[in-house]
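In what follows, every chain begins at residue 1, and chains take the letters A, B, ... in the order their sequences are listed. We use all heavy atoms of the structure for the numbers below, so side chains are in, but hydrogens, waters and symmetry mates are not. Since this is a predicted model, take the numbers as computed values, not measurements.
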There are 2 protein chains.
Amino acid sequence: AVATYNAVKIYGKIGSESAVTALNGVSLEVPLGQFLAVMGPSGSGKSTLLHCMAGLDDLTSGNVIIGSTNLNGLSDRQLTRLRRNSIGFMFQSFNLLPTLTAEQNIRLPSDLAGSSVDEKWFNTLIDLLGIGDRLKHRPSELSGGQQQRVAAARALLSKPTVVFADEPTGNLDSKAGALLLGFLRSSVHEHGQTIVMVTHDPNAASFADKAVLLADGQIIHSIESPTQ
Amino acid sequence: AVATYNAVKIYGKIGSESAVTALNGVSLEVPLGQFLAVMGPSGSGKSTLLHCMAGLDDLTSGNVIIGSTNLNGLSDRQLTRLRRNSIGFMFQSFNLLPTLTAEQNIRLPSDLAGSSVDEKWFNTLIDLLGIGDRLKHRPSELSGGQQQRVAAARALLSKPTVVFADEPTGNLDSKAGALLLGFLRSSVHEHGQTIVMVTHDPNAASFADKAVLLADGQIIHSIESPTQ
Ligand SMILES: Nc1ncnc2c1ncn2[C@@H]1O[C@H](COP(=O)(O)OP(=O)(O)OP(=O)(O)O)[C@@H](O)[C@H]1O
Ligand SMILES: Nc1ncnc2c1ncn2[C@@H]1O[C@H](COP(=O)(O)OP(=O)(O)OP(=O)(O)O)[C@@H](O)[C@H]1O
Ligand SMILES: [Mg+2]
Ligand SMILES: [Mg+2]
């Protein structure tokens, strides 16, 4: 469903002293329906990899393919449309709009895409994530874990083909975390979705089918069926 | 060093339908030199408790005492001065200033307080936290875990009497997390600091001397020497 070939990402002026090589030749194939965990030390390039795979940032060199589409060839408009129709993204720092309520934040991508919302599914999501009584509140009136769950609902509402989740349980207690992870796992099976999840928590990784280990912008290891 | 007595915090108009009772009568004494962990489900009031104990937010009723000072009696100016001189705070969402570099963010509280920085200690902190090569970058150019470590350096630089840390390892891999926690633990011993740390990670709590469990705005349990 999504793959990168020799992905290189350098921040800053190439060759300058402050340039940072965040991705140093990453090749990774994620088949349709796989739940992949991406792990590695802080600063190893995990968020950068996720953003480039989702078309939120350009690579310095290398390719990203989503479905059968090479992102390199797309115009901004085509890229935006692809993201809106096929991708759900949970950001490490949530990126909720502060002036909108939780419910408005959750519905925003569907509104922008002009697609109708499956109201039954909306209710299922809200119940599972336990945020039903916070829907009319703005992000500043929510706890950290509540904001994270609102970000999860937003990413999952349109049942996107590929879900990218950047540290989705970082602010959740173990019970809420296990609920979300179990739910992500069952979507892979029920709806044939593909999930790429960054986590530094081995327990969260144990919900995935496979884990890859990133260090200094390169994949150094991969584990099938990672268990605790 | 810090205590609350019957702390109640209600958000929104008391009695209105959207009012949230975040703290429902919390009494907690943290003796000088203790490393206390505050745990509980997402939304149970942990961040609210921390903010009220640090004087960042008012209680609806009840008292907070820092040292021998009751926060209720203080003017805004007195409260600001107390916070600047005696308190270090690590926020759940870091709260770094986006227009300042990492180094400027770290030094800001000391600059505002007009106090000089122990440069040897600054270097010790930066080395331990592994952010030496990111000092000239702004928060948007840092990974999530790097931002968290910058927030830690900022809170610890002035060696404050009381350190409040809201989920300080949420974005760190286990190695970086253990480094930070071990470091917090040794400050308690070496500098006689008091630490109140919110965490939902039992492994992080095991570094503390004592843990209390919050649920629906009340302390329902306390554990001496919490181990895994
Ligand atoms: N400004 C606000 N207005 C209304 N409700 C609020 C406000 N701030 C927090 N709350 C609510 O108060 C409750 C406690 O929030 P708090 O942030 O203290 O929880 P927490 O234990 O830190 O949760 P987490 O583990 O998710 O960070 C939550 O239900 C939250 O939605
Ligand atoms: N805009 C930018 N400009 C310069 N350097 C950047 C920028 N964004 C990220 N970096 C650097 O690229 C490296 C990789 O960052 P990335 O956010 O991908 O790490 P990560 O693995 O997600 O870390 P964490 O676990 O802490 O979230 C880091 O050293 C970071 O400081
Ligand atoms: Mg990251
Ligand atoms: Mg919180």
Side-chain angles (χ1 to χ4, degrees), chain A residues 11-12 17-20 22 39-51 91-96 101 129-131 133-150 166-167 169-177 179-180 198-203 213-215, chain B residues 11-12 17-20 22 39-51 91-96 101 129-131 133-150 166-167 169-177 179-180 198-203 213-215:
Chain A
Y11 290 111
E17 215 188 82
S18 65
V20 176
M39 310 185 70
S42 172
S44 55
K46 305 182 296 295
S47 294
T48 301
L49 177 61
L50 230 65
H51 282 238
F91 293 85
Q92 188 168 4
S93 48
F94 320 144
N95 291 24
L96 299 177
T101 64
L129 294 167
I131 49 176
D133 59 348
R134 309 306 296 148
L135 290 181
K136 302 272 171 281
H137 291 259
R138 291 191 310 279
S140 62
E141 299 169 320
L142 302 181
S143 79
Q146 288 164 346
Q147 292 175 34
Q148 190 153 38
R149 285 176 276 157
V150 169
D166 199 345
E167 316 257 10
T169 59
N171 284 282
L172 301 180
D173 56 87
S174 47
K175 190 151 164 253
L179 266 170
L180 176 59
V198 164
T199 184
H200 59 255
D201 180 0
N203 177 48
L213 190 57
L214 210 56
Chain B
Y11 289 110
E17 215 187 83
S18 64
V20 176
M39 307 186 71
S42 171
S44 54
K46 305 182 298 296
S47 295
T48 300
L49 178 61
L50 230 65
H51 282 239
F91 294 84
Q92 187 167 6
S93 49
F94 320 144
N95 290 27
L96 300 177
T101 63
L129 294 167
I131 49 178
D133 60 348
R134 309 308 295 149
L135 290 181
K136 302 273 173 280
H137 291 258
R138 291 191 309 279
S140 62
E141 300 169 321
L142 303 180
S143 78
Q146 289 165 344
Q147 292 175 36
Q148 191 152 38
R149 287 176 275 157
V150 169
D166 199 345
E167 315 259 9
T169 59
N171 284 281
L172 301 180
D173 56 86
S174 47
K175 191 152 164 255
L179 266 171
L180 176 59
V198 164
T199 184
H200 60 254
D201 180 0
N203 177 48
L213 188 58
L214 209 57

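Taken to the nearest 0.5 Å, the CG atom of L172(B) stands 9.0 Å off from the CD atom of E167(A). To the nearest 0.5 Å, atom CG of residue D201(B) and atom CG of residue D173(A) are 11.5 Å apart. The CG atom of N171(A) lies 4.5 Å from the CD atom of Q92(B); values are rounded to the nearest 0.5 Å.
The candidate from S47(B), A176(B), P41(B) with the greatest count of non-hydrogen atom pairs under 4.5 Å with chain A is P41(B).
At a threshold of 4.5 Å between non-hydrogen side-chain atoms, the residues S42(A) and R149(B) count as touching.
Scanning all heavy atoms of the two residues, the minimum distance from R134(A) to V20(B) falls at NH1-CG2, 3.3 Å.
Scanning for side chain to side chain contact (heavy atoms under 4.5 Å, CB included) contacts around N95(B) gives F91(B), S93(B), R154(B), with sequence neighbours left out.
Residues of residues 137-147 of chain B having a heavy atom under 4.5 Å from any heavy atom of chain A, listed by number: H137(B), S143(B), G144(B), G145(B), Q146(B).
Only the backbone of T169(B) comes within contact range of chain A, judged by heavy atoms closer than 4.5 Å.
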